[in-house]
Structure formats: structure tokens, C-alpha cells
Amino acid sequence: MDQRTITMRCPCMLDLVIILSLTSCCILSETRAPHSLEPDHQLGQGSPTTALHQRLRRGWIWKQIFVPEEDPTPSVIGQLKSDYDRGDFSIKYILSGEGAGEMFEINEYSGEIRTLQKLDREEKAFYLLQAHALARKSNEPVEPQSEFIIKVQDINDNIPQFQNEPYVSSIPEMCPMGTIVAQVTATDADDPLFGNNAKLIYSIIQGEPYFSVEPKTGIIMTSMANMDREARDQYLVVVQVKDMLGLSGGYSASTTVTISLTDVNDNGPTFQHNLYTFAVLESAAVGTTVGRIMADDGDVGINARMNYSLEDLEESATFKIQTDPVTQEGVVLLAKPLDYESKRRFVMSAKAVNDHIDTRFLSYNEFQDRTTLKIVVEDVDEPPIFMAPDYEWKVLENMVAGTVVGTVSARDTDAINNPIRYSIDKSSDITKAFKIDPNNGTVTVAKPLDREEAAWHNLTINAKETKQNHLSSSVVVFIKVLDINDNAPMLAREYQPYICEGTQSGELIQLINAVDLDDPVEGHHFYFSMVPEKNINPNFTIRDNQDNSASILARRSSFTRRDRAQYLLPMVVADSGSPALSSTSTLTISVCSCQPTGHCPTGGVEALAISIGVSLQTLLGFLVCLATLTVLCIVMLMLRRHRRKQLEGLGRAEKELELPKGVSEKVLHYGEIGGGGGGDLGGFCQPAVPLRPHPRRRDRRLRREEVAASIRMSMSLRHSLLIGPEDDVFKQFIMDRLNEADQDPYVPPFDCLKTYAFEGTGSPTGSISSLESWDFVDADQCPRDPGSRLVRLTLWHGGAEEETTF
């Protein structure tokens, strides 16, 4: 324990010594008194007078024993003694209870109680023990069991401690003096009932003169009014607590309280500059950001929010200002298109006003500020501008070439005012129906227009500068072609009217309509009439219904097919145009044997027959003949196709057997058996092998000619006995055949043919060479034993059995 702790214990130790001295004196006085040795239960026996002169036995009489805490030295803290103890050690003292033998021990002979280790009041404040006095010889109780208390006396050995750390608090800025900020609380583990060990006092070490603390309660208050957050927004206040009422020698502790000032709207917006200058191109699009301005506000959060506005309405109509919600800047935007040639500079006033105004701190006017904006427009080379966004003209159809339709006009708005040339976009006038004067923009008709082909023409006209950057622009021209009466009316369709036998005079035969490609403004109105020179028709008449339709009526009755099968009715259809146009059409009216309902079942066929000038019976006969001819043609084609397939199948079979034409002599092999010329004919008579696809007909024709030439050559050599296998001519012939077979892609994968190129003359058996073998025998009919028909060709091969391969 340090020097400070020892100093603190001195007064306590002095008090303890005084108390122990008084206790010892009391015990000694009671021991010396004869009546103190009497037990308590003997009081009251006999007369009162006798009891006063008789010795009393009180037994154990105990008081609290005080032991100072934190004393590491074992020491005697008291003594127990029985009235029967004469000092001859016949009494044995025993201690039991809390801490007996661990914290305390007793001298069994003298009854002195001694501490064994230091005590801590904060762990245990008192101990309850029992004392026993036994006769040493008989081990019988001399005194009844008695309880006593050893109380641990407190010393100042604990440091005060703050609760609920850390301490963080906030107060609004500009608050009045005496505003409660927070309260700190500390505790001391020492005994609050003994002395001043646990009596605490609070004080401020750091934080004055802004804050103060109430010494007993620990409440922190402001000691200065109108603290400004913009000057300082946080304070660290250090509070100290001391025990023993702050007297010297006590313990102390400290804690830090973080105090923040919250913002109030005690500042208005302020522009840092009286003039803001910006530049913008005249070609800038509407909505382009021209610049940003910023008014400073010392407040934060909602108290720093502000709105910007432009005050000069005439100038500000071209611009607008918006508040950026994140940065609180005023964003100046372009609201209307600019024209450098019209106006080159704008000057206006901008104002910033707080959203939330608190008049407790400032007046209303102090929450706003103004500044001046100067915006300069920069010149840009612009393309020509047309006087109108689009043009719409009208022109009559069929106007002669060169007729003026209209004029477009564009100008260069730049100060230089470059000349302009006009042109028509070719993609908008594919038919080249119009022309434009490149200098003045006059559009004329290049060829007559037809409204019935195209009622509208949409042209794109370009205007381009002839100097500097050659900028261009375009405009759309809509040209409407007006109608004139240049088309005669005609019947709406091909009518095939018919009249039933027995029709009465005045009955309706056909209702007809007319159409006209023109489109008059007042609408169509057609007039129907008979041909002037034939306006008197004894059979039919035409009635104009005055609704662009006409009715054909019968003028008489008793129409029969036996009298006449058809009638021709010419008629005139005229329009109401100026001048009026008309057309003449002839209707063919057929006489039909109608059903009771008035329907003509063969009216369509009869009309068709009449239209081509033949009777119905002739037309039906013609159709039957045509159908029969079609069936015969189909049958003939099928038979021809079937015969062609059969011929192709036979051709393929013959080509498989046609060895001289389809098989090339890739390997020439000659074998001899014995002395004769009878080779193995099995190789020659092998079954036919499927060949690869044959060459085209022209290639086969050429190969046949080559083979025929080779045969003719070999036959010319047969009559010469002087030419043999060793002759150059013969060798060349064999090599030609070998090369031809090697280069032929249509030969089978192997050769099974044995050939003899030349045998000589006078052979009794005839020639067996493959070069002249045009007739073949089937494999099943191949002779098994050639007999004497095979004779050895001794002229060419004079040895024994041998085999030669070329």
C-alpha cells in the first residue's frame, strides 16, 4: 500500500486503539468484580436483600469486536474468559462459526482471539462466531455456548467509479446559460455510514468557462450563453469525482463527457461574389447547363436548404435556375434558343432564400441574399434557316413543264451571310417530276403530273452555303396535285344481264353503276342514256335513277330463245365535269329459260358462250374434247416414261456386260499351262462386278473411238509375223492401254480379264483376244474344258509355263 494509503489509515487506527482500550478496561473491571463471575441465571434467587450481598454468576458477556480491514499483520483483537478460569489452564476455549480457523483463531488456554489474514469489508462486513468453554479434563462445558460478532471496520481503500460511461450529449446552439446538458453518476464501494470514505464531490477539470457541474448531484449545465456551432461544434468536458468530501488524502476518478452543439437556423445564405459571368454557345440546345452559383450558409441539414430564383423577368425568360438538392447549388439552364445575331449578352439578378426561417435568431431579410449573373453568347457558324418550318403547295394536274409551283427561301443568320444554293433531294423525287432554281429556290413542274397516279408529292429541299464550312439544312415541301376532269366515266364492272322468257314490258332487267377515276370537289354525278343515233330501241330502254345508277327495262313482252338468243344494247355514260366527258359501252343481254324464282341456271355459261360468239352446245363439246385430249396426253406420257425406265434398265445390264467399252485393261496378264495356250479362263468368265458410275455419254463416245482405233491398229499388225512382244510398236501399244486403264476413274476395283494383244496369223482356233471379243457368253455357260481349241502361241512365248504381267 502506497504512502497515501498509509496516511489515510492513521486516524482510523487511532480510533481503533481508543475503542480497544475502553473495551479492555471494561472487561478487566468486570473480571475484578466478585459478582461478575456469577452466571446470569442465578440472579433473583432468595430474598432481594440476600441477592444483593450474594455473588452473582453472569456467564459470557460479549460486545462487538472491531477489526480494521486490509491489515495484513496477525494481531490480537480480543479475549474470551470464563468466570471459572483461575489461570491454571483448566479451561479450554474453542471458537466456531464464520471464519473460525480461517480468518480467526483462539488461544485455547488464554482465550485470546487473533486474526490470521487481512480482511476486506467490501467482501464481508462482519462475522458471526460461537465461543465454547470446556473443562480440559472432563471436556464438559463450563459455560454455555455464546455468540459474538466481529465487525470489519471500513477504511478508505476504494476509488470512486463512474457509471454508464461513455457520456455523450448534445444541446442546440445559442441556448441560454443554465441549460442542463447531462448528469454523471459515480459510486464508491466504501462504507457510506462510516466516516466520509464514500461521500463524493464532483468538479470540472476541463470545460470551463462553457460548462459547470453541480458538486453533489453531478448535473452538468451550460455556464455561457449563445454558444455558436459554426465557431465550435463539439466540447470535451472532463468531470472529476473525489471521496471524503474532497479532503486531501481521498481517492478521485474522472470521466469525459462529449457535448455536441446541434444546428439551428441562425445563418442566412451569402454569395461570395457580387457578379458571376458565364459563356454559352448560341447553338446550345434548350436545357443545357450554363453554369452554377453557390450561396454559402453556415448552417447544415435542413437549415442550409435554399431556393434560387431569377428576378429580371425579361432577361430571365431565356434562362431558368434550379436548386441542386445534393450540393445546394443554383444550376442555370437554357430555357429558350439563343441567337448571337439578335442578342449577345444577358444580365440578370439571382436570389437565394432559406427554406426554413427562424426569426428567433435573425430577421426575415437576413435569410436571403442576391447576386448578379452575366451570360455572354458566343457566335457559332450556323446552317441556313428556312423562313418556314415546312411548305404546302397546290398545283393542277397535267400542267405543262415549267409551271411554277412555289418558292422556298432560306437565309444565313451569321454575320457573314454566305450565299445559298438550293437543291431537291433525289430520294424524295424519284420520278424527277419537279425542278428547282438553285439561286432563288423556285420550284417548277418538270413534266405533266397525273393526280390519278400520285395525289401528293413530298419533296425534301436542301439549302447549302457556298462558302466557308458549306453547312446545309433541309425543309419538307408538300405538293398536292389538284384534279381536273381528264377521265371519262365507265361501267363499274363487266355486266352480263339476261332476260327471262315471258318477261313483261317495263320489268327491271339490270341495275348498272358507273365509276370515274377523277375526284371532283362537288362529287360525282353520272348521266346514263341511249346512243343518240339509236335512242329508239324497240326492245329495251334505260332509265337514269339520278343517284349515279341506271335501270335497264324491257319495252316489250314475249322474249323467247327461239326468236333470238341475245340482244346488244349500246349506252352512253357522261359525267358532270367541265368539260363533260363520256364513254359508250355495249351490253349483251341474253335470253334465258329461267326457273320459277326468276333465276337463270345457265346464265353465266350462256353469257360466256355468247361473248365468244359460239352456241352453248358448241362450247360444251369443245370442253369435252379438251378434257379427252388432256387424259390421252397424260396416258401417253406415263407409257413413255415406263418404256424409258425399261430401256434404261436394259441399258445398264448391257453396259455391265460390255467389257470392251466399260472395262479398261488396267493389268494385262497372260498365263500358260503346259505346252498349249489354254490359260485359266476362270478369270475371263468371272461374274460381272458392279462398276462405278459410268462417264458421260460424250466421254464414252470418245473412249469407244480410241478403243476402236486401237483394235484397227492391232488387226493391221496381226498379218505381220515379224512383230512380236519385244517389238517397240507392240510395247507402245501395251503401255498406251496400261496408262489408259490407270487414268480411267470408272474401272472396277480389280481386273479379271486376260487379254492377248496379237496372236499372229493362221491360227486354227481363231482369235481369243479381248480386243475383238464383242460377243460375251454368260458366266453360267462358260466352257469348262476348252479342249483342243486352245493352241500354244509358240511364236510369242517359246518357253515352258510362265506368266507375264504388264
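These figures come from a predicted structure and were not determined experimentally.
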Using a 6.0 Å cut-off, check whether atom [atom1] of [X] has over 12 heavy atoms from anything other than its own residue.
X      : atom1 : value
Met224 : CE    : yes
Gln161 : CD    : no
Phe126 : CZ    : no

Carboxylate-amine/guanidinium contact [X] [Y], below 4.0 Å:
X      : Y      : value
Arg292 : Asp324 : yes
Glu311 : Arg370 : yes
Asp71  : Lys118 : no
Asp88  : Arg86  : no

Considering all heavy atoms of both residues, which atom of [X] and which atom of [Y] are nearest to each other, and what is their separation?
X      : Y      : result
Cys175 : Thr222 : SG-CG2, 4.2 Å
Tyr340 : Val377 : CD1-O, 3.3 Å
Lys81  : Tyr93  : CA-OH, 3.4 Å
Val241 : Pro160 : CG1-CB, 3.9 Å
Asn303 : Asn354 : O-ND2, 3.4 Å
Phe104 : Ile113 : CB-CG2, 4.4 Å

- Start with the C-alpha gap between Asp379 and Glu341, add the side-chain angles, then the distance that decides, and say whether side chain to side chain contact (heavy atoms under 4.5 Å, CB included) holds. CA-CA 8 Å; Asp379 187 26; Glu341 289 72 25; 3.4 Å; yes

Are [X] and [Y] side-chain neighbours, meaning at least one heavy-atom pair lies under 4.5 Å?
X      : Y      : answer
Met227 : Ile171 : yes
Val257 : Leu236 : no
Asn158 : Asn156 : no
Asn197 : Asp188 : no
Asn274 : Thr372 : no
Leu129 : Ile150 : yes
Val239 : Ile205 : no
Glu143 : Asp83  : yes

Rounded distance (nearest 0.5 Å) linking atom [atom1] of [X] with atom [atom2] of [Y]:
X      : Y      : atom1 : atom2 : answer
Gln130 : Glu98  : CD    : CD    : 8.0 Å
Glu173 : Ser260 : CD    : OG    : 12.0 Å
Asp339 : Ser283 : CG    : OG    : 11.5 Å
Lys92  : Asp85  : NZ    : CG    : 14.5 Å
Ile220 : Ile259 : CD1   : CD1   : 5.5 Å
Ile94  : Glu108 : CD1   : CD    : 7.5 Å

- From the list Thr187, Thr255, Thr185, side chain to side chain donor-acceptor pair (under 3.5 Å) with Gln163 holds only for Thr187

- Message: Using 30° and 60° as the class boundaries, would you call the ring planes of Phe278 and Tyr276 parallel, tilted or perpendicular?
- Response: parallel

- So Tyr202 and Phe162, would you call those rings parallel, tilted or perpendicular, with 30° and 60° as cut-offs? tilted

Report yes or no: does [X] contribute a side-chain atom to a donor-acceptor pair with the main-chain N or O of [Y] at less than 3.5 Å?
X      : Y      : value
Gln272 : Asp296 : no
Ser223 : Phe211 : yes
Asp390 : Val476 : no
Thr256 : Val238 : no
Glu366 : Gly268 : no
Arg136 : Phe89  : yes
Ser82  : Ala133 : no

- Item | Worked verdict on Arg121 versus Gln153 for side chain to side chain contact (heavy atoms under 4.5 Å, CB included) | CA-CA 7 Å; Arg121 190 202 67 82; Gln153 192 175 27; over 6 Å; no

- Item | Step-by-step side-chain hydrogen bond (donor to acceptor under 3.5 Å, both in side chains) determination, Thr371 to His273 | CA-CA 7 Å; Thr371 188; His273 304 283; over 6 Å; no

- Message: Taking salt bridge (charged side-chain N to carboxylate O under 4.0 Å, His left out) as the cut-off, I'd like each qualifying pair that reaches into residues 212-239, sequence neighbours left out, listed once.
- Response: Arg229-Asp263

- Partner of Phe319 under side-chain contact (heavy atoms from CB on, under 4.5 Å), picked from Leu373, Leu334, Leu333, is Leu334

- Message: Let's go through Asp355 and Asn307 carefully: what are the C-alpha distance in whole Å and the side-chain angles of both, what is the deciding distance for side-chain hydrogen bond (donor to acceptor under 3.5 Å, both in side chains) to 0.1 Å, and is it a yes or a no?
- Response: CA-CA 7 Å; Asp355 285 350; Asn307 284 323; 2.8 Å; yes

- Message: Go through it in stages, so that I can follow the logic: the residues are Asp297 and Asn267, the test is side-chain hydrogen bond (donor to acceptor under 3.5 Å, both in side chains), and I'd like the CA-CA distance, side-chain angles, deciding distance and then a yes or no.
- Response: CA-CA 6 Å; Asp297 192 325; Asn267 295 278; 5.2 Å; no

- Message: Checking Asp154 against Val152 for the side chain to side chain contact (heavy atoms under 4.5 Å, CB included) test, could you report, in this order, the C-alpha distance in whole Å, the side-chain angles of both residues, the deciding distance, and whether it holds?
- Response: CA-CA 6 Å; Asp154 182 53; Val152 181; over 6 Å; no

- Message: A cation-pi test, strictly: NZ or CZ of Lys124 under 6.0 Å from the centre of the six-membered ring of Tyr127 and no more than 45 degrees from its axis. Yes or no?
- Response: yes

- Query: Can you check side chain to side chain contact (heavy atoms under 4.5 Å, CB included) on Asp190 and Asp157, steps first, answer last?
  - Reply: CA-CA 7 Å; Asp190 292 328; Asp157 62 339; 2.8 Å; yes

- Message: So, using side chain to side chain donor-acceptor pair (under 3.5 Å) as the criterion, who are the partners of Ser472 when residues are at least two apart?
- Response: none

